[in-house]
Amino acid sequence: MLRWLIGGGREPQGLAEKSPLQTIGEEQTQNPYTELLVLKAHHDIVRFLVQLDEYRFASAGDDGIVVVWNAQTGEKLLELNGHTQKITAIITFPPLEVCEEKNQLILTASADRTVIVWDCDTGRQVQKVSCFQSTVKCLIVLQRLDIWLSGGNDLCVWNRKLDLLCKTSHLSDTGISALIEIPKNCVVAAVGKELIIFRLVTPTGESLEWDILEIKRLLDHQDNILSLVNVNDLSFVTGSHVGEMIIWNILDWTVQARECNFWDPSPQLDTQQEIKLCQKPNDISIHHFTWDEENVFAAVGRGLYVYNLQMKRVIACQKTAHDSSVLHIAKLPNRQLISCSEDGSVRIWELREKQQLAAEPVPTGFFNMWGFGRVNKQASQPVKKQQENAPPCSLELIGDLIGHSSSVEMFLYFEDHGLVTCSADHLIILWKNGERESGLRSLKLFQKLEENGDLHLAV
């Protein structure tokens with residue numbers, strides 16, 4: 001584990017210099033992350049991070065290993081070995097409230113066609129399922145029913161003891177790419193360009209059997225669905241490979257809103273030809289969503305877009321937020337947003353309202369007397385229309401974290417312990433609030449002096 005002070009400290013060896021399109025000065029006065037810890041344990045791409053509690057997290061990736069870390073100190077707590085191929089999904093399995101045993105469990109799925117249940121407090125492998133016909137690509141826990149679902153070429157339902165309760169027939173060779181829970185004992189599965197609604201039939205007095213029924217297929221997307229998340233109690237949202245975002249009613253599964261023009265939220269004339277020339281297919285793929293009470297934040301190609309749920313329009317964007325595709329985003333307090341990218345950078349943004357342009361002054365003086373100062377009303381119309389169509393907010397870059405030498409796959413935010421990032425460079429970096437860490441070190445020093453009696457002597 002290595003520690004660096006960012007800005008004036010020692011630079012990490014072999015880390016590539018980034019040249020993003022959006023830049024920020026070296027001062028970065030609003031960026032709190034001025035210290036970093038480099039954590040080494042993996043031997044291949046680290047793709048997944050999952051928070052276990054207020055101070056622990058687990059990492060997993062293509063080496064098939066799961067590592068449990070202390071987010072405060074960066075200490076490696078446990079290494080879990082059991083898979084023979086890369087890990088494809090990881091999720092926490094919280095204990096039941098009525099259960100006396102409160103150990104933290106996680107589920108991991110792998111390309112070796114197994115799912116393992118781990119005890120993260122002891123490192124023990126609780127149980128292993130190896131009866132899958134295909135690789136499990138996603139996992140979801142329905143805590144209310146105390147069951148979990150695995151999505152591959154079919155959809156399987158399991159209980160806490162890892163008994164198979166029921167399963168669907170073969171759905172697709174491409175498999176299920178994402179799963180979410182919705183009301184009325186239903187789940188939504190993304191399969192290629194389709195959304196499939198399934199309903200779980202729970203045991204009753206008449207029948208003790210579980211069952212899973214296909215209720216409906218939604219065929220509104222034109223290409224493969226890459227992201228699927230719940231937004232609130234009323235809606236869920238999907239994003240596709242060709243930049244389609246659809247917001248759905250969570251109860252009747254109808255389309256509430258649709259946005260397909262992310263590359264230019266303010267309409268302009270004769271831009272279609274330019275789009276065809278300069279846009280690559282992967283430049284508009286929607287890789288990830290995050291949200292708050294008012295907005296959905298979308299990672300679209302290399303850009304970031306803020307879609308207001310009430311106004312049903314894009315209110316802010318950064319079309320070139322990174323040099324390469326944005327893979328993961330998260331909303332922070334104080335109207336801040338964090339993004340990470342294939343370009344190896346992690347960037348912090350702030351959502352700000354644009355100041356309205358002042359009213360056009362009335363020309364006066366000598367030139368106005370002869371008509372030189374008159375405003376051409378016809379010429380001013382497109383300008384006025386452009387102002388009306390322009391997004392009312394902006395995303396301003398306030399921090400740029402350069403530490404990884406390859407694609408940053410995802411990150412976790414700890415309010416008290418900083419930011420954790422994982423990368424294709426096999427590293428995990430724990431970014432620390434320098435001011436906070438300095439204060440904690442000073443406090444520990446004073447406490448130690450007080451314990452030894454040195455503080456009293458010094459006074």
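Just the heavy atoms: all of them, side chains too, but no hydrogens, waters or symmetry mates, feed the values below. Note that the coordinates shown come from a computational prediction; the quantities given were computed from them, not determined experimentally.
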Gap between atom [atom2] of [Y] and atom [atom1] of [X] - 0.5 Å precision:
X	Y	atom1	atom2	answer
Q125	D119	CD	CG	11.5 Å
T168	I196	OG1	CD1	8.0 Å
E214	F198	CD	CZ	5.0 Å
C120	F57	SG	CZ	12.0 Å
N70	K76	CG	NZ	14.0 Å
I140	L107	CD1	CG	12.0 Å

Okay, side chain of [X], backbone of [Y]: is any donor-acceptor separation there less than 3.5 Å?
X	Y	value
N308	Q310	yes
D112	T84	yes
T254	N249	no
D163	L165	no
K432	H417	yes
T92	P94	no
E350	I398	no
H288	I329	yes
K331	V296	no
S423	S406	yes

What closest approach, in Å, do [X] and [Y] show between heavy atoms, and which atom pair accounts for it?
X	Y	answer
F132	R113	CD1-O, 3.5 Å
I250	N232	CD1-O, 4.0 Å
L351	C393	CD1-CB, 3.8 Å
F236	L228	CD1-CD1, 3.8 Å
C156	L164	CB-CD1, 3.8 Å
N31	L401	ND2-CD2, 3.3 Å

Side chain to side chain, [X] and [Y], heavy atoms closer than 4.5 Å:
X	Y	answer
C422	L49	yes
R347	I338	no
V46	E409	no
W431	T34	no
L304	C317	no
C260	E244	yes
I286	T238	no
I428	T421	no

**OP:** Evaluate the criterion side-chain contact (heavy atoms from CB on, under 4.5 Å) for residue pair V231 and L309; output intermediate values, then yes/no.
**Re:** CA-CA 10 Å; V231 175; L309 293 168; 3.9 Å; yes

**OP:** Sequence neighbours left out, what passes salt bridge (Lys or Arg N to Asp or Glu O under 4.0 Å) with R199? Give chain and number order.
**Re:**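 Partners of R199 by the salt bridge (Lys or Arg N to Asp or Glu O under 4.0 Å) criterion come out as none, since no residue qualifies.
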
**OP:** Using salt bridge (Lys or Arg N to Asp or Glu O under 4.0 Å) as the criterion, list what pairs up with E294, not counting sequence neighbours.
**Re:**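 Here no residue qualifies.
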
**OP:** May I ask you to check whether over 12 heavy atoms, not counting those of K312, lie within 6.0 Å of atom NZ?
**Re:**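 No - once you tally the heavy atoms of other residues, nucleotides and ligands closer than 6.0 Å, there are 12 at most.
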
Subject >> Neighbour count >12 (heavy atoms, 6.0 Å) for atom CG, D252 >> reply: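 For D252, atom CG is crowded (more than 12 foreign heavy atoms under 6.0 Å).
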
**OP:** Kindly state each residue pair satisfying side-chain hydrogen bond (donor to acceptor under 3.5 Å, both in side chains) with at least one member in residues 129-142, sequence neighbours excluded.
**Re:**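 Every candidate side-chain hydrogen bond (donor to acceptor under 3.5 Å, both in side chains) pair involving residues 129-142 fails, so no pair, neighbours aside, qualifies.
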
**OP:** Any pair with a residue in residues 178-195 that passes side-chain hydrogen bond (donor to acceptor under 3.5 Å, both in side chains), sequence neighbours left out, goes on the list, sorted by first then second residue, please.
**Re:**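 For residues 178-195, and leaving out neighbouring residues, the side-chain hydrogen bond (donor to acceptor under 3.5 Å, both in side chains) pairs sorted by first residue read R144-N185, E194-R217.
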
Throw together a table of side-chain donor-acceptor distances under 3.5 angstrom for residues 145-155, partners on residues two or more places apart or in other chains.
| unit_1 | atom_1 | unit_2 | atom_2 | d |
| --- | --- | --- | --- | --- |
| D146 | OD1 | R160 | NE | 3.0 |
| D146 | OD1 | R160 | NH2 | 2.9 |
| D146 | OD2 | R160 | NE | 3.4 |
| W148 | NE1 | N159 | O | 3.2 |
| S150 | OG | W158 | NE1 | 3.1 |
| D154 | OD2 | K167 | NZ | 3.3 |

Subject >> Stepwise side chain to side chain donor-acceptor pair (under 3.5 Å) test for H221 and N224 >> reply: CA-CA 7 Å; H221 277 288; N224 288 342; over 6 Å; no

Subject >> Verdict with supporting geometry, D343 and R302, salt bridge (Lys or Arg N to Asp or Glu O under 4.0 Å) >> reply: CA-CA 10 Å; D343 65 13; R302 295 180 298 163; over 6 Å; no

Subject >> Option from V66, L139, I91 for which side-chain contact (heavy atoms from CB on, under 4.5 Å) with I106 holds >> reply: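 That would be V66.
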
**OP:** State which residues pass side chain to side chain contact (heavy atoms under 4.5 Å, CB included) with S169; sequence neighbours excluded, sorted by chain then number.
**Re:**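 Testing S169 for side chain to side chain contact (heavy atoms under 4.5 Å, CB included), a comparison that skips the adjacent residues, returns none.
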
**OP:** May I have the step-by-step check of side chain to side chain donor-acceptor pair (under 3.5 Å) for H241 and S285, ending in yes or no?
**Re:** CA-CA 4 Å; H241 181 66; S285 297; 3.0 Å; yes

**OP:** Begin with the C-alpha distance, continue with both residues' side-chain angles, and end with the deciding distance and a verdict on side chain to side chain donor-acceptor pair (under 3.5 Å) for H404 and D425.
**Re:** CA-CA 7 Å; H404 288 289; D425 62 11; 3.0 Å; yes

Subject >> side chain to side chain donor-acceptor pair (under 3.5 Å) assessment of W69 paired with S59 >> reply: CA-CA 8 Å; W69 305 88; S59 60; 2.9 Å; yes

**OP:** Indicate, with yes or no, if the rings of H328 and F411 have centres closer together than 6.0 Å.
**Re:**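 When the ring centroids of H328 and F411 are compared, they turn out to be within the sub-6.0 Å range.
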
**OP:** Give a yes or no on whether a salt bridge exists between K86 and D63, defined as a side-chain N under 4.0 angstrom from a carboxylate O.
**Re:**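 Between D63 and K86 there is no salt bridge, as every charged N stays at least 4.0 Å from the carboxylate O atoms.
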
Original post:
Taking it one step at a time, do S341 and L327 satisfy side-chain contact (heavy atoms from CB on, under 4.5 Å)?
Top reply: CA-CA 5 Å; S341 165; L327 300 181; 5.9 Å; no

